[in-house]
Undergrad: 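Here it is, the structure, as structure tokens.
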Amino acid sequence: MSDIAAFHTLLQRSPRILAICGAGLSASSGLPTFRGAGGLWRNYESTSLATPGAFGRDPALVWLFYAWRRHVCLQADPNGGHRALAALAKARGSDFLCLTQNVDNLHERAGHPPDTLRHLHGRLFDLKCSKCKKTAYTTDDPLCPALAPASKDFPAGDINPLLDPRSPVPPIPTAELPHCPSCGGIQRPGVVWFGENLDGRMLREVDAWIDAKPVDIVLVIGTSSVVYPAAGYAERARTRNTKVVTVNLDPDTEAAEPGDLVYVGDAAELLPALLAPLTTTSSL
Ligand code: APR
């Protein structure tokens with residue numbers, strides 16, 4: 001594993017940084033990842049919960065899943081990794097851009113400036129009309145009227161029993177699901193589902209930022225790097241001789257390539273140490 005001092009030396013001569021974040025960044029805050037032990041796609045059937053078809057077939061079941069994920073997110077707190085990235089954003093301003101695959105709101109709750117943060121896969125707290133596609137950004141308040149019908153009090157622990165179609169718990173009545181104030185269609189969670197495109201305008205903005213000036217470091221944090229286009233940014237960086245720095249709990253992560261600086265461990269611990277020269281670690 002590379003030593004922290006090597007990164008500090010690199011950091012001092014690297015004005016422009018791009019970060020790609022995955023579920024591993026929020027793992028220490030208690031949010032499940034997707035593919036590791038206890039991962040969401042290990043425990044739940046993604047095709048019945050995270051696709052447009054699933055929502056068309058049973059919007060109440062899909063809302064139950066996302067309301068539970070929102071509920072778990074609101075029980076969690078940002079960790080040192082979120083705070084280190086927020087401090088890096090404040091230190092570097094427009095020379096830093098954080099692309100997160102995470103739909104939680106922990107970056108924001110760590111104080112990450114919104115102009116240097118892009119949610120590639122949407123946000124748990126945004127609503128989008130399934131009919132007119134209008135996006136209604138909601139507060140993160142679980143009692144927000146638009147979200148209240150789907151924010152049930154969940155039993156501690158697993159909700160698989162609630163998601164089981166044979167569950168004794170009646171699904172949320174369609175009438176109680178959030179409806180679009182403009183067209184009356186049922187609103188859906190504002191996240192990107194399997195088989196859907198990401199926001200094209202956002203992707204063009206990201207490409208423009210990357211192409212505007214050389215990027216010195218790409219930080220690949222807590223992601224398996226198996227989902228595109230998120231996984232493609234580090235690949236592109238390697239062809240441009242940009243230094244890729246991988247932070248991952250798995251010593252055998254496939255997110256790292258030969259030539260990367262690799263830091264094995266918890267992102268919540270490693271990021272404050274790695275970014276210490278640019279951030280006041282005492283506040284992380
Ligand atoms: N610190 C650093 N890395 C961690 C930690 C941690 N505490 N815990 C887990 N990891 C690493 C795992 O080793 C793994 O490489 O984080 C990665 C998590 O990988 P995934 O579960 O595949 O999550 P992610 O890469 O974010 O998935 C990408 O897939 O299903 C879609 O939309 C979903 O955004 C998600 C995308």
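When a ligand or atom number is given, it counts from 1 through the structure's own listing order.
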Undergrad: Among protein heavy atoms, which sits nearest to atom 13 (O) of ligand 1, and what does the distance come to when rounded to 0.1 Å?
TA: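 Going by distance alone, atom 13 (O) of ligand 1 is nearest to Asn248 OD1, 2.7 Å.
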Undergrad: Provide, to 0.1 Å, the distance between atom 3 (N) of ligand 1 and the closest protein heavy atom, together with that atom's residue and name.
TA: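 Protein heavy atom at minimum distance: Leu249 N, 3.2 Å.
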Undergrad: Is Arg204 positioned over the aromatic face of Trp209, cation under 6.0 angstrom from the ring centre and no more than 45 degrees off axis?
TA: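 No, a cation-pi geometry is absent between Arg204 and Trp209.
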Undergrad: Could you check whether any side-chain N or O of Lys90 sits under 3.5 Å from a backbone N or O of His112, counting only pairs where one atom can act as donor and the other as acceptor?
TA: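 No.
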Undergrad: Honestly curious: do Trp41 and Leu120 fall in one hydrophobic cluster under the side-chain, below-4.5 Å linking rule?
TA: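 No, because Trp41 and Leu120 fall into different hydrophobic clusters, even though each may have its own neighbours under 4.5 Å.
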Undergrad: What atoms of ligand 1 come closer than 4.0 angstrom to any heavy atom of Asp250?
TA: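 Within the 4.0 Å cut-off of Asp250, ligand 1 contributes 13 (O).
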Undergrad: Could you check atom 10 (N) of ligand 1 against the protein and tell me its nearest heavy-atom contact, residue, atom and distance included?
TA: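 Among all protein heavy atoms, the one nearest atom 10 (N) of ligand 1 is Gly24 CA, 3.6 Å.
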Undergrad: Considering only protein heavy atoms, which is closest to atom 26 (O) of ligand 1, and at what distance to one decimal place?
TA: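 The closest one turns out to be Ala23 N, 2.8 Å.
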Undergrad: With the side chain counted from C-beta on, respond yes when Pro15 and Asp216 share a heavy-atom pair under 4.5 Å apart, and no when they do not.
TA: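 Side-chain contact under 4.5 Å: yes.
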Undergrad: Are any side-chain N or O atoms of Asn79 and backbone N or O atoms of Leu25, one a donor and one an acceptor, separated by less than 3.5 Å?
TA: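 It does hold such a pair.
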Undergrad: Any side-chain heavy-atom pair from Arg123 and Val191 closer than 4.5 angstrom?
TA: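 Heavy-atom side-chain distance check fails, nothing below 4.5 Å.
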Undergrad: With backbone taken as N, CA, C and O and side chain as the heavy atoms from C-beta onward, which portion of Val227 lies under 4.0 Å from ligand 1: side chain, backbone, both, or neither?
TA: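 Answer for Val227: side chain.
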Undergrad: Should you measure from each heavy atom of Gly22, which atoms of ligand 1 turn up under 4.0 Å away?
TA: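 Those qualifying, in numeric order: 26 (O).
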Undergrad: Check ligand 1 against Thr223 and write out every atom of the ligand that is under 4.0 Å from a heavy-atom position of the residue.
TA: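 Result: 15 (O), 16 (O), 17 (C), 24 (P), 25 (O).
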Undergrad: Are any of the N/O atoms on Val247, whether in the backbone or the side chain, positioned under 3.5 angstrom from an N/O atom of ligand 1?
TA: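 No, Val247 has no N/O under 3.5 Å of an N/O on ligand 1.
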Undergrad: Checking a contact table here: which protein heavy atom is nearest atom 34 (O) of ligand 1, and how many Å away?
TA: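 Ranking protein heavy atoms by distance from atom 34 (O) of ligand 1, first comes His121 ND1, 2.9 Å.
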Undergrad: Note the single closest protein heavy atom to atom 19 (O) of ligand 1, along with its residue, its atom name and the distance in Å.
TA: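 Nearest neighbour among protein heavy atoms for atom 19 (O) of ligand 1, to 0.1 Å: Ser224 N, 3.4 Å.
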Undergrad: Are Arg35 and Asp250 ion-paired here, with the side-chain N under 4.0 Å from a carboxylate O?
TA: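 Looking at Arg35 and Asp250, the cut-off is not met.
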Undergrad: Would you mind reporting whether Leu117 and Glu108 have side-chain heavy atoms less than 4.5 Å apart?
TA: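 Touching, per the 4.5 Å side-chain cut-off.
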Undergrad: Quick one: look up the protein heavy atom nearest atom 30 (O) of ligand 1 and list residue, atom name and how far away it is.
TA: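 Looking at atom 30 (O) of ligand 1, the protein heavy atom closest to it is Trp41 NE1, 2.8 Å.
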Undergrad: Could you tell me whether a side-chain N or O of Ser29 sits under 3.5 Å from a main-chain N or O of Asp77, the two making a donor and an acceptor?
TA: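 Here the side-chain-to-backbone pair exists.
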Undergrad: Tell me whether ligand 1 is touched by Gly265 - counting only heavy atoms on the residue side and a distance under 4.0 Å.
TA: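 Yes.
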Undergrad: Taking only heavy atoms of Thr33 into account, list the atoms of ligand 1 that are under 4.0 Å away from them.
TA: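 Those atoms are 21 (O).
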Undergrad: Under 4.0 Å from a heavy atom of Ala27: give me the atoms of ligand 1 that qualify, with their elements.
TA: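 In order of number, 7 (N), 8 (N).
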Undergrad: For Gly265, does its backbone N or O pair with a side-chain atom of Glu269 as donor and acceptor, under 3.5 Å?
TA: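 Side chain of Glu269 to backbone of Gly265, a donor-acceptor pair under 3.5 Å: no, none is there.
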Undergrad: Check whether any N or O atom of Gly222, backbone or side chain, sits under 3.5 Å from an N or O atom of ligand 1, and answer yes or no.
TA: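 Yes.
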Undergrad: What protein heavy atom sits nearest atom 7 (N) of ligand 1, and how far away is it?
TA: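 Nearest neighbour among protein heavy atoms for atom 7 (N) of ligand 1, to 0.1 Å: Asp266 OD1, 3.0 Å.
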